[in-house]
Enquirer: 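This is the structure I want to talk about, given as structure tokens.
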Amino acid sequence: MTRYEFLKSCGFTGGALMALLSCVGEQEVGALTRLPDGTLLKPDGSPVEEITGSGPDPDFQITTEELEKIQYLYRINISDPRYAKLLVRNQYITLGNTFVLALSKEGKYIAATVVCSHENNRTISYRFGEWYCPEHGARYNMSGTGLNEYGTKGIKVYKTAFDGETIIIYE
């Protein structure tokens, strides 16, 4: 039985469970490991890459004319202070209890459903180049494919477009 399974069997759930797991070191649920030199390792043992650059990469921008032709599901103006986190790579926000929108480490806007396929919790976030659900540790790659036993059903990933001012999420 893993530490995660033991703590769950004791009745710990959600934030309390994650708080306890973060206090006891590396876990089978996908925690990061910090080496003595300060390097962070992912659960698979690979290093967490450093953020290169800041803000969105202009190479991923399209023209406003192109953007206006796309039928979108959600639209935001990046200059709105509520979305300031999206100007920093590896940061994300949740939109309308429906989408997670992040600025990847490469400087591209990416989006996914906020609903975890494991138990339909609305807890998906973005961390270290993956979609992640802290409820049970489900992990998904950028295409939405599950990376562990809790993510086997995958999640919906959406397309995005950015013209330098407006970000849209679409199918």
Side-chain angles (χ1 to χ4, degrees), residues 13-19 21-22 27 29-34 39-44 46-62 67 70 72-148 150-171:
T13 61
L17 177 61
M18 289 300 122
L21 290 173
S22 69
Q27 301 305 315
V29 296
L32 298 175
T33 303
R34 184 176 299 277
T39 303
L40 286 174
L41 298 179
K42 294 180 187 177
D44 66 4
S46 64
V48 173
E49 296 85 12
E50 295 296 318
I51 298 172
T52 56
S54 63
D57 186 325
D59 290 341
F60 295 117
Q61 289 183 20
I62 65 173
L67 185 118
I70 301 171
Y72 60 87
L73 301 169
Y74 208 96
R75 177 185 182 116
I76 66 167
N77 186 313
I78 197 68
S79 63
D80 186 319
R82 294 177 293 172
Y83 309 123
K85 286 177 77 174
L86 292 174
L87 295 172
V88 180
R89 293 188 185 187
N90 277 332
Q91 294 293 312
Y92 74 94
I93 60 171
T94 302
L95 296 167
N97 204 22
T98 305
F99 304 104
V100 177
L101 178 62
L103 181 58
S104 72
K105 67 180 180 174
E106 295 82 18
K108 182 177 186 341
Y109 287 106
I110 54 178
T113 179
V114 75
V115 180
C116 179
S117 62
H118 177 61
E119 287 188 358
N120 294 321
N121 297 310
R122 292 184 175 274
T123 53
I124 295 293
S125 62
Y126 173 79
R127 68 171 204 171
F128 307 113
E130 298 177 353
W131 301 113
Y132 176 72
C133 177
E135 195 69 28
H136 300 104
R139 296 172 47 229
Y140 308 90
N141 68 17
M142 291 295 89
S143 306
T145 303
L147 296 173
N148 64 7
Y150 299 108
T152 56
K153 294 178 186 174
I155 60 169
K156 173 81 173 158
V157 172
Y158 297 90
K159 297 175 185 176
T160 64
F162 177 60
D163 69 355
E165 185 174 323
T166 302
I167 304 169
I168 61 169
I169 299 172
Y170 66 104
E171 294 188 273

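Residues: numbered from 1 along the sequence shown.
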Enquirer: Would you say the side chain of E171 lies within less than 4.5 Å of the side chain of L73, judging by non-hydrogen atoms?
Expert: yes

Enquirer: Within a strict 4.5 Å, meaning less than it, do heavy atoms of the Y126 and M142 side chains meet?
Expert: yes

Enquirer: Quick check: do V157 and Y140 have side-chain heavy atoms less than 4.5 Å from each other?
Expert: no

Enquirer: Could you check whether any side-chain heavy atom of L87 comes within less than 4.5 Å of a side-chain heavy atom of L103, counting everything from C-beta outward?
Expert: no

Enquirer: Hey, does N77 have a side-chain heavy atom less than 4.5 Å from the side chain of E165?
Expert: yes

Enquirer: Any chance you could measure T98, atom OG1, to K156, atom NZ, to the nearest 0.5 Å?
Expert: 13.5 Å

Enquirer: Is any side-chain heavy atom of I93 less than 4.5 Å from a side-chain heavy atom of R82?
Expert: no

Enquirer: At what distance, to the nearest 0.5 angstrom, does OG1 of T123 lie from CD of E135?
Expert: 5.5 Å

Enquirer: Could you measure the distance from the CD atom of Q61 to the OG1 atom of T166? Nearest 0.5 Å is fine.
Expert: 10.5 Å

Enquirer: Main chain of G154, side chain of S117: is a donor-acceptor contact present, judged purely on distance under 3.5 Å?
Expert: yes

Enquirer: Does some side-chain heavy atom of L101 sit less than 4.5 Å from a side-chain heavy atom of I76?
Expert: yes

Enquirer: Main chain of T145, side chain of S143: is a donor-acceptor contact present, judged purely on distance under 3.5 Å?
Expert: no

Enquirer: Could you tell me which non-hydrogen atom of E106 sits nearest to which non-hydrogen atom of D57, and how far apart they are?
Expert: O-CB, 3.7 Å

Enquirer: Report yes or no: does N148 contribute a side-chain atom to a donor-acceptor pair with the main-chain N or O of G137 at less than 3.5 Å?
Expert: yes

Enquirer: Measuring from atom CD1 of I78 to atom CG of L86, what distance do you get when rounded to the nearest 0.5 angstrom?
Expert: 4.5 Å

Enquirer: Under 6.0 Å from the NZ atom of K153, do we count more than 12 heavy atoms belonging to anything else shown?
Expert: no

Enquirer: Is the OH atom of Y74 crowded by more than 12 outside heavy atoms at less than 6.0 Å?
Expert: yes

Enquirer: Roughly how far, to the nearest 0.5 Å, is CH2 of W131 from CD1 of I110?
Expert: 4.0 Å

Enquirer: Which heavy atom in V100 sits nearest to a heavy atom in I124, and how many Å separate them?
Expert: CG2-O, 3.0 Å

Enquirer: Minimum heavy-atom separation for G107 and F60, please, with both atom names.
Expert: O-CD1, 3.6 Å

Enquirer: Around atom NZ of K159, are there more than 12 heavy atoms from other residues, nucleotides or ligands closer than 6.0 Å?
Expert: no

Enquirer: Just wondering, do F162 and P56 contact through their side chains at under 4.5 Å, heavy atoms?
Expert: yes

Enquirer: Backbone N or O of Y132 within a donor-acceptor pair of the R139 side chain at under 3.5 Å?
Expert: no

Enquirer: Considering the options I70, D163, T160, which one meets the side-chain contact (heavy atoms from CB on, under 4.5 Å) requirement together with I168?
Expert: I70

Enquirer: Once you round to the nearest 0.5 Å, how far does CD1 of I155 lie from CG of N141?
Expert: 8.5 Å

